[in-house]
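Here the structure comes first, spelled out in structure tokens, and everything after it is commentary.
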Amino acid sequence: MSQTLDISHLNSSQRRAVEHYCGPLLVVAGAGSGKTRALTYRIANLVLNHRVDPENILAVTFTNKAAREMKERIEKLFADQKARSDFGKPLDALSPIEQTRLRSYVYKNITKELWIGTFHALCARILRFDIEKYQDGSGRKWTRNFSIFDESDAQSLVKEIVTQKLNLDDKKFDPKSVRYAISNAKNKSLSPQDLEKDQSNFRGRVIANVYSMYQDTLSANNALDFDDLILTPVQLLKQNEQVRAYWHKRFRHVLVDEYQDTNRTQYDLISLLVTNGENSNTFNEWEYRSVFVVGDADQSIYSFRAADFTILMGFQDDFGDRLHDDDTRTMVKLEENYRSTRNILEVANQLIDNNTERIDKVLKPTRGEGEPIFLYRADDETSEAEFVTNQIRQLEAKHPELHHGKFAILYRTNAQSRAMEDSLVKLQIPYKVVGGLRFYDRKEIKDVLGYLRAIANPFDTISLLRVINTPRRGIGKTTIDSLVKASQELSIPLWEILSDETSVKSLAGRSAKGVLQFAQIIQKWRQELDACSASEIAQGVLEDSGYVADLRNQGTDEATDRLENVQELYNAVLQFEENNDDPSLLGFLASASLASDLDNLGEEDQKVSLMTLHSSKGLEFPVVFLIGLEQGLFPNYRSMEDPAALEEERRLCYVGITRAQERLFISYARERRLYGTREPASPSLFLAELPRELLNSNVAAAIPNKWTKPISEIRRNKSESRNMPNSHANDWSVGDRLIHKAYGEGEVVRIFGAGNKICLAVKFPGLGQKIIDPKMTPIRRED
DNA sequence: ACATCACGGATTTTT
DNA sequence: TCCGTGATGT
């Protein structure tokens, strides 16, 4: 294959990123700046020009979609490269047969060896190698056929512990918030013991206790939750030198996409792999080794899922040369934007400049000025929806190339889709709501996966119970209770009771026949695990269990729907087998548990897309409608008090604006129906932060000059303190102690920004870390 | 085992 | 307003 990769069409920053070979590099990649291109070209460059063995490369993403795209683009890049060197012409110029041949050659020799995937999928893969070498601090263990419990499994486990085992009031210890606390702990790499140490009050200790029992149950089920998929490898790498050395040696080049979205545990994982556990900021062994992270602090919108963009901000400190932006060799900024018109970028730049916590960066236009942004003030959500749908009608009439698939309607909360949908239906405009109910969350899909999981993992009691009476086998609640009780009293897995004829007969009474029959089916297919492929097992179980027959018998529309979904799942199994070398049931289950949606097609159907701003990240549309810019809705009322949260809302708005390629419409309503009652609404403070000269509007007074009191006060305070070099306002250092009105006493652990624009990361005991703008928050220094 | 009703709660959600 | 949950009745 040719030695050189053509990168002449890349800009100089992109080239710097692509040509980076060893050592650390932070790529600050603005929206639409070609970061996926930088990532894929760099991987190609490593292999082609630096002769890096593909199996030494690890590339981590956050979504399956991103991983899939990266794989495809790399494969295409390599195939094109080979086409040029073998035939002297680009891939596209070859016959379809030649193209396929080249692609499969590239797949077999290069792409297959690359580890590209989500944190979760890659960790699951590592765990299937090494989890049996792991034991947690309390001696809990797992085996390689572990189940992966999804969020609802996790929540019902917590609920059972809180209400059944601990007999607590689930009003006081709401399973949802307890589960959230556990998840948070895991995302900070805290074990139950670690969590308990931090707790001073009763509630905290109870939660730590639930966490501990929750881990017991997971282990008893030989199951992990999503967070464990990351945390377990981290702990394993920490405790086992050989395992650590193996993976460290293996992954010489580590790449991370969307680095601003990593949480502490994911960071620990990357750090352990890269440095082999040596202190990251003194790590110096960069020969034949690199860490390459790409991200944008301005697009960090997942802090509620424990993503921590201060990790990105700290990259220079952790791995880099810590030099100033102008001199550093370990950071490069991609600022040229190829997506949006100049007006759109200007609006985005000005908005985000109101944030204090960020890495300085502007999106530089490469395209023309474009149309002005249109701001629409509507009377209520209905008229807002009418405006949007009318616009769509008008635009499609005027511009034949704008089919429905080129429009997106973005909103802060899912509830906002209703009014839009009503209006779209009325005008008969085809649309799709992106996000809704996920394929793998459907009951029938969970049932089928329940069967498969129960077969793969004998300890998975949750799955056994899910399907033991689905379809009905006359096994009632009392029977199940006594079986479960017996297993608990004997401290043996439920499966051992089910598979023991004598026990079943004595416990189950009239239901014994059904239980035995069920156990037989599971047993039968478990024996075939090694002999049969995933699809053979799936088909066999669906028949033997009577699940499909039951759906057929029902004959209702709903049952037909479900049947179709089951068929689709079966297709997914077949497809999995085609695409994977190891078509085992275990492999399929792992991929299914980690997949969010099947409909990855959908590009071709020409429908208006409706989605939340969160779901829109990473996408782009020629025409974007950003709706509901009202105080309390966007920014959301829950974020208005806390400056760090408010900044995240602003980033969310920034994400929305930067989705637009050609046209951007922003709207708000003066009155909105919320939970049944009509409420007056005022325009979002973000609107006042946009450059007026770039906005057109239906009403001259669409943007008010003055803000309602609390906001005008915040803004005044902010500008005042900017001009006032007051006493110690900016004079903070790490280790300083302070008192916050609401959070109490805390300690400064990190400082962001410089000059007048600084923010403090403050650790409050029991509350964790908060980001505080000293100019906007009432705090008192404690000397 | 299933239907029915009252009640409370309602950002965002990559895996 | 609307949805999921849990208690109640048949």
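Chain letters run A, B, ... following the sequence lines, proteins first, then strands; residues in each count from 1.
- Across all strands shown, A:Asp227 has no heavy atoms under 4.0 Å from either base or sugar-phosphate atoms.
- At the phosphate of B:dT11, OP1 or OP2 sits under 4.0 Å from a side-chain N or O atom of A:Tyr675.
- If you take atom C1' in B:dT11 and the same atom in C:dG6, they sit 25 Å apart, rounded to whole Å.
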Problem - Trace of the salt bridge (Lys or Arg N to Asp or Glu O under 4.0 Å) decision for A:Arg144 with A:Asp130 - result: CA-CA 8 Å; A:Arg144 62 186 300 279; A:Asp130 281 339; over 6 Å; no
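- Residue A:Ser615 is classed as a sugar-phosphate contact, given heavy-atom separations below 4.0 Å to backbone atoms only.
- Protein atom CZ of A:Arg412 is 5 Å distant from nucleotide atom C1' of B:dT11, rounded to whole Å.
- Checking B:dT15, B:dT13, B:dA10 against every side-chain atom of A:His120, the shortest atom distance belongs to B:dT15.
- Between the CD atom of A:Gln155 and the C1' atom of B:dT15 there is a distance of 15 Å, rounded to whole Å.
- Between A:Asp261 and A:Lys617 there is a salt bridge, since at least one side-chain N of the basic residue sits less than 4.0 Å from a carboxylate O of the acidic one.
- B:dT12 has its base stacked against the ring of A:Phe304, the centroids being under 5.5 angstrom apart at an interplanar angle below 30°.
- Atom name C1', nucleotides B:dT12 and C:dT5: the rounded distance is 23 Å, in whole Å.
- In this structure, A:Arg651 forms a cation-pi arrangement with A:Phe309, its terminal cationic atom sitting closer than 6.0 Å to the ring centre and no more than 45° off the ring axis.
- Note: CG (A:Leu410) to P (B:dT12) measures 14 Å, nearest angstrom.
- Between A:Phe251 and A:Trp247, the ring-plane angle classifies as parallel under the 30° and 60° cut-offs.
- The residues A:Asp225 and A:Lys186 are annotated as salt-bridged, a charged nitrogen and a carboxylate oxygen being separated by less than 4.0 angstrom.
- Contact check, A:Asn414 against B:dT11: no side-chain N or O comes under 4.0 Å of OP1 or OP2.
- The residue A:Glu649 sits close to a base: some heavy atom pair falls under 4.0 Å.
- The distance from atom NZ of A:Lys617 to atom C1' of B:dT15 is 13 Å, rounded to the nearest whole Å.
- Heavy-atom contacts of chain A under 4.0 Å fall on DNA chain C between two terminal nucleotides, which in 5' to 3' order are C:dT1 to C:dG6.
- Partner of A:Trp142 under the side-chain contact (heavy atoms from CB on, under 4.5 Å) criterion, chosen from A:Leu127, A:Asn457, A:Asp136: A:Asp136.
- Taking the O4'-C1'-N9-C4 or O4'-C1'-N1-C2 dihedral as appropriate, B:dT12 has a value more than 90° from 0 and is therefore anti.
- Among the protein residues, A:Tyr302 comes within range of the nucleic acid bases, having at least one heavy atom under 4.0 Å from a base atom.
- The CG atom of A:Leu224 sits 18 Å away from the P atom of B:dT15 (whole-angstrom rounding).
- Electrostatic pairing of A:Asp153 and A:Arg466 does not count as a salt bridge here, judged by no charged N lying under 4.0 Å from a carboxylate O.
- In this structure, A:Arg638 places its CZ atom 12 Å from P of B:dG9, rounding to the nearest Å.
- Each of A:His614 and A:Asn64 was assigned the nucleotide of DNA chain B with the nearest heavy atom; the assignment lying further toward the 5' end belongs to A:His614.
- Look at A:Ser593 and you won't find any side-chain N or O under 4.0 angstrom from OP1 or OP2 of B:dT15.
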Check: residues 158-168 of chain A side-chain donor-acceptor pairs under 3.5 Å, at least two apart:
residue: A:Thr163; atom: OG1; partner: A:Lys159; partner atom: O; Å: 2.8

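- For A:Arg125 and B:dT15, the CZ to P distance is 18 Å, given to the nearest whole Å.
- Just one residue in the list A:Arg672, A:Arg670, A:Arg678 forms a side chain to side chain donor-acceptor pair (under 3.5 Å) with A:Asp380, and that residue is A:Arg678.
- Across all strands, A:Lys176 comes closer than 4.0 Å to no nucleic acid atom at all (heavy-atom distances).
- With respect to A:Glu679 and A:Arg673, no salt bridge is recorded, no charged nitrogen being found less than 4.0 Å from a carboxylate O.
- Taking atom CD on A:Glu151 and atom C1' on B:dT15, their separation rounds to 10 Å, with Å as the unit.
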Please enumerate all protein N or O atoms sitting under 3.5 Å from an N or O of nucleotides 1-3 of chain B, with distances to 0.1 Å.
residue: B:dC2; atom: OP1; partner: A:Arg472; partner atom: NE; Å: 3.3
residue: B:dC2; atom: OP1; partner: A:Arg472; partner atom: NH1; Å: 2.4
residue: B:dC2; atom: OP1; partner: A:Arg472; partner atom: NH2; Å: 2.8
residue: B:dC2; atom: OP2; partner: A:Arg472; partner atom: NE; Å: 3.4
residue: B:dC2; atom: OP2; partner: A:Arg472; partner atom: NH2; Å: 2.6

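- A:Arg418 has no carboxylate O lying under 4.0 Å from a charged side-chain N of A:Glu421, or vice versa, which leaves the two without a salt bridge.
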